[in-house]
Trainee: 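I have a structure here, written as structure tokens, and I will follow up with some questions on it.
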Amino acid sequence: MDSKQAPVVECSKYTKRVMLKTLLGRSDGGVGLIGQRVVIGGWVKSSREIRKQPVTPHSVPAQVVSTKDVTCSEVLQSRIPLLRSIMKVFGAGEYRVREKINVVFQPQSSVSILQVSDGSCVPSLQVLVDSALATLCQVMATGTCVLIEGMLQQPSLQGKHVVELQAEKILHLGLVDQSNYPLSKKRLPLESLRDCSHFRPRTTTVASVMRIHNALTWATHGFFQDQGFLHVQVPILTSTDSEGFSEKFVVTTLLNKGKNYDQISSTENAGVSIEAIRASIKEKSKKVEELNRTNSNKEALFAAQQDLKKTQELVSQLESRQKANSGVTIETRKFDFSKDFFARQTYLTVSGRLHLESQACGLGNVYSFGPRFQAVKSESKKSLAETWMVDVEMAFTEIEDAMECANDFLKFVCKKISEGYMEDLQFILKRIDKKVMERLQLTLSSSFERISYAEAIEVLRQVPGKRFQGKIEFGVSLTEEHESYLVDEIYKKPVIIYNHPKGLRPFYVHLNDDGMTVATFDVVLPKVGTLIRGSQSEERFNVLNSRMEVLGLQKQQYEWYLDLRRHGSVKTSGFSLMLERLVLYATGLNDVKDVVPFPRSFGRASN
């Protein structure tokens, strides 16, 4: 087959290579494509080298060479045995023939057997690279990036593969430094991989998790688009405290202008101390003295003197500034936010519900999908400082409608994962969590149990012989231990807990008729606890205004939100979902930091 002929197997449109999923994701595992020439690219997951059977040296007879010129009689002797015998009797000239033997030795060759993955599927492709093809084949170690053209063939070695690639051309070779490559060791624990987030996708486990993460993202959009929702964006920067309970990240440019920070940032923040500068002054002084003593070039002497003078001035300035700023820290400074970039105190948003509600009041049913931030100093395995949140808001609805929507949404995404990503789920079932399929099926088949917060408290109080660490009393938040016991031990299925005490929820939620509880709900699932938090918003201006006064909120920040009640108020409800916890639920992993590409948590923001 002509190497320039276009491969029959469909290439990825933009990379001009065949994705391994196209080959190995077929029902026959790629057997039907044997004999096709393809170009594949990926990273070597493992490699080994085998030696071919050595070739036995063989003799090649050369031309016949005589010891003297050949005469006519000698020709006759060589051709006719009888004449040769007669000639010997009569003493004819002695004839001797010798053969020149050429012994040919061929160098011993080898084959590198590579397991190559490109991140598109769980299995890897076995690639055979002959030593005659590349002199660098011996360094195709774990992590090497390859782009190879070759022929698909039946496996030449026994193993799990049903098809392999015989390399014919190496189009690209990206080598690795094995001594510093973190994935050189096999099966590193997930905790260790967090220190090299930029390499994690090359592992089979993280690649599977990322594909499921991607599937859940698209399933989320698919569900809401199918139900007629509009996808809208809400701001990441906000001056409105939507939740009122979470610690927030303040956004400001005043630190760059403030006296204390600006004066020391160029030195101490750069890792330069006054002591180090003083030490350099001594060295510079010695240099000036040496130049004076040796009568060196006047220009060099002048330059050294100027350098010493500037260094001495810098130390003097830093000492004065440190003295002036003694006892002043960034924490104790008072900022005038009217002089800040936005002329007011601004935060990274904790929730998009308030802004999304304004869109629902004109567009109907809307949802948003984006980053949210909480500056909570927590070491919890289920919390992050930066998360991706799905926020949903629906006009002309009440809390029951939001609960029904949340129920349908979870069933939809679990069905999509179960049907479309079985290969990844089977890998997770084998390597991570043997109950992952059972949980997904439970979500699909069961009707969610609905109980009020008060009922949940009463059920937990009546558990015989069980001592919970957290308090079980009205007005206290249910802990992960409480929630886990409800879904795993009592109801053994997902639970929706609704009507929480008003002191536990944000100011904007609808106050119930009892005056003590609000129209809120939590969807609690096995393994992850609370996955969805939802509520009905307070549509009554007077009630909302009174609630804000009781909590001491600055109404100036919320005038735009109150306007929605002043002009064309409508009942709205919705919910928020942390996507990373949904990925935890679908993969069985225990720590949310292992399901996002670059986790941001308390004390950790590398990469």
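Start at 1 with the first residue, then count along the sequence.
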Trainee: Where the side chain of Asp522 meets the backbone of Val524, is there a donor-acceptor pair that is under 3.5 Å apart?
Mentor: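 No.
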Trainee: Considering only NZ, NE, NH1 and NH2 on the basic side and carboxylate oxygens on the acidic side, decide whether Lys21 and Asp118 come within less than 4.0 Å.
Mentor: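 No, Lys21 and Asp118 are not salt-bridged.
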Trainee: Within the side chain of Thr238, is there an N or O that forms a donor-acceptor pair under 3.5 Å with the backbone of Tyr347?
Mentor: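 No; judged by distance alone, with no hydrogens or angles, the pair does not exist.
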Trainee: Would you say the ring centers of Phe342 and Phe337 fall short of 6.0 Å from each other?
Mentor: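 They do not qualify: ring centres at least 6.0 Å apart.
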Trainee: Sorted by first residue and then second, give each salt bridge (charged side-chain N to carboxylate O under 4.0 Å, His left out) pair with at least one member in residues 204-228; sequence neighbours left out.
Mentor: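 Of all non-adjacent pairs touching residues 204-228, those that pass salt bridge (charged side-chain N to carboxylate O under 4.0 Å, His left out) are Arg211-Asp424.
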Trainee: Are any of the side-chain nitrogens in Asp195 or Arg604 under 4.0 Å away from the carboxylate oxygens of its partner?
Mentor: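 Between Arg604 and Asp195 there is a salt bridge, with a charged N closer than 4.0 Å to a carboxylate O.
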Trainee: Would you say Tyr453's side chain and Gly475's backbone share a donor-acceptor pair under 3.5 angstrom?
Mentor: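 Yes; judged by distance alone, with no hydrogens or angles, the pair exists.
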Trainee: Donor-acceptor pair, distance only, cut-off 3.5 Å: does the side chain of Ser573 make one with the backbone of Glu398?
Mentor: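 Pair found, side chain donor or acceptor close to backbone of Glu398.
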Trainee: Listing request: all salt bridge (charged side-chain N to carboxylate O under 4.0 Å, His left out) pairs with a residue in residues 487-498, at least two apart in sequence or in separate chains.
Mentor: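 Sorted result for residues 487-498: Glu449-Lys493.
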Trainee: Hey, is the main chain of Ala519 close enough, under 3.5 Å, to the side chain of Arg505 for a donor-acceptor pair?
Mentor: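 No; zero donor-acceptor contacts below 3.5 Å.
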Trainee: For a quick test of your reading: what N or O donor-acceptor pairs under 3.5 Å do the side chains of residues 427-434 make, sequence neighbours left out?
Mentor:
| from | atom 1 | to | atom 2 | distance (Å) |
| --- | --- | --- | --- | --- |
| Asp433 | OD1 | Lys435 | N | 2.9 |
| Asp433 | OD2 | Arg439 | NH1 | 2.6 |
| Asp433 | OD2 | Arg439 | NH2 | 3.0 |

Trainee: Can you tell whether the side chains of Glu357 and Arg565 come within less than 4.0 Å, N to carboxylate O?
Mentor: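 So Glu357 pairs with Arg565 through a salt bridge.
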Trainee: Is the CD atom of Gln426 crowded by more than 12 outside heavy atoms at less than 6.0 Å?
Mentor: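 Yes, CD of Gln426 has more than 12 neighbouring heavy atoms, counting only those of other groups under 6.0 Å.
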Trainee: Are more than 12 heavy atoms from other residues, nucleotides or ligands located less than 6.0 Å from atom CD of Gln556?
Mentor: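 Atom CD in Gln556 is not crowded, with 12 or fewer foreign heavy atoms closer than 6.0 Å.
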Trainee: If you take all heavy atoms of Glu480 and Ser380, which pair is closest and at what distance?
Mentor: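 Distance-wise, the nearest heavy atoms are OE2-OG, 4.1 Å.
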Trainee: Any idea which heavy atoms bring Thr142 and Leu183 closest together, and the distance?
Mentor: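 Closest approach of Thr142 to Leu183, heavy atoms only: CG2-O, 3.7 Å.
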Trainee: Would you say the ring centers of Phe468 and His482 fall short of 6.0 Å from each other?
Mentor: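 Yes.
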Trainee: Return the minimal non-hydrogen interatomic distance between Leu511 and Thr517, and the atom names on each side.
Mentor: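 Answer, listing the atom of Leu511 first, then Thr517: CD1-O, 3.7 Å.
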Trainee: Ring centroid separation for Phe229 and Phe223, is it under 6.0 angstrom?
Mentor: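 Between Phe223 and Phe229, which both carry aromatic rings, the centre distance is not below 6.0 Å.
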Trainee: Quick check on the 6.0 Å ring-centre criterion: do Phe369 and His221 meet it?
Mentor: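 Yes, they do, as the ring centres are separated by less than 6.0 Å.
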Trainee: Are Glu538 and Arg540 ion-paired here, with the side-chain N under 4.0 Å from a carboxylate O?
Mentor: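 Result for this pair is yes, salt bridge flagged.
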Trainee: Once you round to the nearest 0.5 Å, how far does NZ of Lys381 lie from CG of Leu589?
Mentor: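 Separation between the atoms: 11.0 Å.
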Trainee: Walk me through whether Thr204 and Lys45 qualify under side-chain hydrogen bond (donor to acceptor under 3.5 Å, both in side chains).
Mentor: CA-CA 9 Å; Thr204 306; Lys45 296 185 71 65; 3.1 Å; yes
Trainee: Is there a donor-acceptor contact under 3.5 Å linking the side chains of Tyr508 and Gln536?
Mentor: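 Short answer, no.
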Trainee: Work out which heavy atom in Pro501 is nearest to a heavy atom in Val518; give both atom names and the distance.
Mentor: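 For Pro501 versus Val518, the nearest heavy atoms are O-CG2, 4.3 Å.
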Trainee: Which residue pairs satisfy the ring-ring contact (aromatic ring centres under 6.0 Å, His included) criterion with at least one member in residues 561-605, sequence neighbours excluded?
Mentor: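 Of all non-adjacent pairs touching residues 561-605, none passes ring-ring contact (aromatic ring centres under 6.0 Å, His included).
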Trainee: Compare every heavy atom of Leu384 with every heavy atom of Ser601, then report the nearest pair and how far apart it is.
Mentor: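 Scanning both residues, the minimum pair turns out to be CB-CD2, 4.2 Å.
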Trainee: Does any donor atom in the side chain of Gln374 or Ser383 lie under 3.5 Å from an acceptor atom in the other side chain?
Mentor: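 There is no such pair (donor and acceptor under 3.5 Å, judged by atom type) between the side chains of Gln374 and Ser383.
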Trainee: Return a table of donor-acceptor pairs under 3.5 angstrom between the side chains of residues 386-396 and protein atoms on other chains or two or more places apart.
Mentor:
| from | atom 1 | to | atom 2 | distance (Å) |
| --- | --- | --- | --- | --- |
| Asp391 | OD1 | Ser576 | OG | 2.5 |
| Asp391 | OD2 | Gly352 | N | 3.1 |
| Asp391 | OD2 | Arg372 | NE | 3.0 |
| Asp391 | OD2 | Arg372 | NH2 | 2.9 |
| Glu393 | OE1 | Arg353 | NE | 2.6 |
| Glu393 | OE1 | Arg353 | NH2 | 3.3 |
| Glu393 | OE2 | Thr572 | OG1 | 3.3 |

Trainee: Report, as yes or no, whether the 6.0 Å neighbourhood of atom CE on Met516 holds more than 12 heavy atoms from other residues, nucleotides or ligands.
Mentor: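 Not more than 12 within 6.0 Å, no.
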Trainee: Could you tell me if Asn545 and Lys555 have a donor-acceptor pair between their side chains, going purely by distance under 3.5 Å?
Mentor: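 Side chains of Lys555 and Asn545: pair found under 3.5 Å.
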Trainee: Please indicate whether Glu559 has more than 12 foreign heavy atoms, meaning atoms of other residues, nucleotides or ligands, lying under 6.0 Å from its CD.
Mentor: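 Above 12, so yes.
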Trainee: Do Thr520 and Asn499 have a side chain donor and acceptor closer than 3.5 Å?
Mentor: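 Side chains of Thr520 and Asn499: no pair found under 3.5 Å.
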Trainee: Mark yes or no for whether Lys527, through its side chain, and Gly588, through its backbone, hold a donor-acceptor pair below 3.5 Å.
Mentor: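 Side chain of Lys527 to backbone of Gly588, a donor-acceptor pair under 3.5 Å: yes, one is there.
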Trainee: Taking all non-hydrogen atoms of both residues, which atom of Pro182 and which atom of Leu188 are closest, and how far apart?
Mentor: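 Nearest pair, atom of Pro182 first, then Leu188: O-CD1, 3.0 Å.
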Trainee: Just by distance, do the side chain of Thr22 and the backbone of Val18 share a donor-acceptor pair under 3.5 Å?
Mentor: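 The answer is no, because no donor-acceptor pair under 3.5 Å joins these two groups.
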Trainee: Would you say Asn512 and Lys502 are linked by a side-chain donor-acceptor pair, where the criterion is simply a distance under 3.5 Å?
Mentor: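 No - no donor-acceptor pair under 3.5 Å links their side chains.
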Trainee: How far does CG of Leu584 sit from CD1 of Ile212, to the nearest 0.5 angstrom?
Mentor: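 Answer rounded to 0.5 Å: 11.5 Å.
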Trainee: From Ser117 OG over to Arg202 CZ, what is the distance, rounded to the nearest 0.5 angstrom?
Mentor: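 Result: 11.0 Å between the selected atoms.
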Trainee: Under 6.0 Å from the CH2 atom of Trp218, do we count more than 12 heavy atoms belonging to anything else shown?
Mentor: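 No, not enclosed.
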Trainee: Using a strict threshold of under 4.0 Å (side-chain N to carboxylate O), is an ion pair present between Lys411 and Asp408?
Mentor: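 No, Asp408 and Lys411 are not salt-bridged.
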Trainee: Measure the spacing between CG of Asp594 and CG of Leu190 and express it to the nearest 0.5 Å.
Mentor: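 Reported to 0.5 Å precision, the distance equals 4.5 Å.
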Trainee: Any side-chain donor-acceptor pair under 3.5 Å between Glu539 and His510?
Mentor: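 Yes - a donor-acceptor pair under 3.5 Å links their side chains.
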Trainee: Quick one: do the Lys471 and Thr479 side chains pair a donor with an acceptor below 3.5 Å?
Mentor: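 The criterion, which ignores hydrogens and geometry beyond distance, is not satisfied for Thr479 and Lys471.
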Trainee: Please list all pairs meeting salt bridge (charged side-chain N to carboxylate O under 4.0 Å, His left out) that have one or both residues in residues 573-585, counting only residues at least two apart or in different chains.
Mentor: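 Salt bridge (charged side-chain N to carboxylate O under 4.0 Å, His left out) check on residues 573-585 returns no pairs.
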Trainee: Indicate whether the side chain of Asn180 and that of Asp177 have a donor and an acceptor atom separated by less than 3.5 Å.
Mentor: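 Their side chains do contain a donor-acceptor pair, which is all the 3.5 Å distance test asks for.
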Trainee: For side-chain hydrogen bond (donor to acceptor under 3.5 Å, both in side chains), just list the numbers for Gln359 and Tyr367, CA-CA rounded to whole Å, side-chain angles, deciding distance to a tenth of an Å, and then say yes or no.
Mentor: CA-CA 9 Å; Gln359 302 301 296; Tyr367 75 102; over 6 Å; no
Trainee: Using 0.5 Å steps for rounding, measure from the CG atom of Leu363 to the CG atom of Leu230.
Mentor: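 Going from CG on Leu363 over to CG on Leu230, the span is 5.5 Å.
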Trainee: Decide yes or no on side-chain hydrogen bond (donor to acceptor under 3.5 Å, both in side chains) for Thr530 and Glu483, but give the supporting numbers first.
Mentor: CA-CA 8 Å; Thr530 298; Glu483 295 173 344; 2.7 Å; yes
